[in-house]
Amino acid sequence: MFEVSVEQTFAAGHALRGYRGKCENVHGHNYKVEVLVQGQELDSIGLLVDFVEVKRLIQGVVEYLDHRFINDLPPFDVINPSAENVAKYFYDEISAKLSEPARVGQVKVWETDITSATYRP
């Protein structure tokens, strides 16, 4: 199994509905997201997937969320914008656009330097 990972950062605000604590209030994070791409085969030049392509796919999602109040954006106007749900959102959006045979193996989203959530299918 080959794995390639790319990280990106963005800043955004959110509020956790029903949390019953400080995080229920509007607050922001300097998020970091890591997308891990996996596959069994390399292409004819020895790449699983081009880093540039993975960066482009991540950037497309980041542009939607960056410097925004995530709660206002679909699907987070319905589901809570927890780190777990943000990780799955990145997974869903990038998986839909990633070319086979590479696939997204996991997405990790950090809200702080020491707290993160991971989504694996």
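Source: prediction; values computed, not measured.
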>> Measuring from atom CD of E111 to atom OH of Y31, what distance do you get when rounded to the nearest 0.5 angstrom?
In response: 4.5 Å
>> Would you say that more than 12 heavy atoms from the other residues, nucleotides or ligands in this model lie under 6.0 Å from the CG of D113, or not?
In response: no
> How many angstroms lie between atom CG of D43 and atom CG of L48, to the nearest 0.5 angstrom?
Replying inline: 8.5 Å
> Under 3.5 Å, side chain of H14 to main-chain N/O of I70, donor-acceptor pair present?
Replying inline: no
> Between R17 and E24, is the closest basic N to carboxylate O distance under 4.0 Å?
Replying inline: no
>> Exactly one of L65, L57, V104 should register a side chain to side chain contact (heavy atoms under 4.5 Å, CB included) with F90. Which one does?
In response: L65
>> Can you confirm whether P81 sits close enough to F69 that some side-chain heavy atom of one is under 4.5 Å from a side-chain heavy atom of the other?
In response: no
>> Any non-hydrogen side-chain atom of V33 less than 4.5 Å from a side-chain atom of V107?
In response: yes
>> Do F2 and L47 sit in one hydrophobic cluster, given that two such residues count as connected whenever their side-chain heavy atoms are within less than 4.5 Å of each other, even indirectly?
In response: no
> S116 and W110: which non-hydrogen atoms are nearest, and at how many Å?
Replying inline: CB-CD1, 3.4 Å
>> Salt bridge check, K88 against D92: does any charged N sit closer than 4.0 Å to a carboxylate O?
In response: yes
>> For A15 versus N80, what's the shortest heavy-atom pair and its separation?
In response: O-OD1, 3.9 Å
>> Walk me through whether Q8 and K55 qualify under side chain to side chain contact (heavy atoms under 4.5 Å, CB included).
In response: CA-CA 8 Å; Q8 177 64 281; K55 288 177 187 177; over 6 Å; no
>> Under the side chain to side chain contact (heavy atoms under 4.5 Å, CB included) test against F10, which residue among N30, V62, V61 passes?
In response: V62
>> For F76 and Y89, I'd like to know if the aromatic rings sit close, meaning centre-to-centre distance below 6.0 Å.
In response: yes
>> Can you tell me how far apart NE2 (H27) and NZ (K22) are? Round to the nearest 0.5 Å.
In response: 10.0 Å
> Is D77 reaching over with its side chain to a backbone N or O of N71, donor-acceptor style, under 3.5 angstrom?
Replying inline: no
> To the nearest 0.5 Å, how far apart are CZ in R103 and CD in Q106?
Replying inline: 10.5 Å
>> Is the shortest side-chain heavy-atom distance between V6 and V35 below 4.5 Å?
In response: no
> Got a second to check how far Y91's OH is from R120's CZ, nearest 0.5 Å?
Replying inline: 12.0 Å
> What distance do L73 atom CG and R68 atom CZ have between them, rounded to the nearest 0.5 Å?
Replying inline: 4.5 Å
> Do you reckon F51 sits in the same ILVMFWY cluster as L36, going by side-chain contacts under 4.5 Å, direct or chained?
Replying inline: no
> With the 4.5 Å side-chain cut-off for hydrophobic clustering, are I79 and Y19 part of the same group?
Replying inline: no
>> To check you understand the geometry: which heavy-atom pair defines the closest contact between M1 and G39, and what is its length?
In response: SD-N, 3.5 Å
> What's the verdict on side chain to side chain contact (heavy atoms under 4.5 Å, CB included) for S82 and L16, showing C-alpha distance, side-chain angles and the deciding distance?
Replying inline: CA-CA 7 Å; S82 64; L16 295 177; 4.2 Å; yes
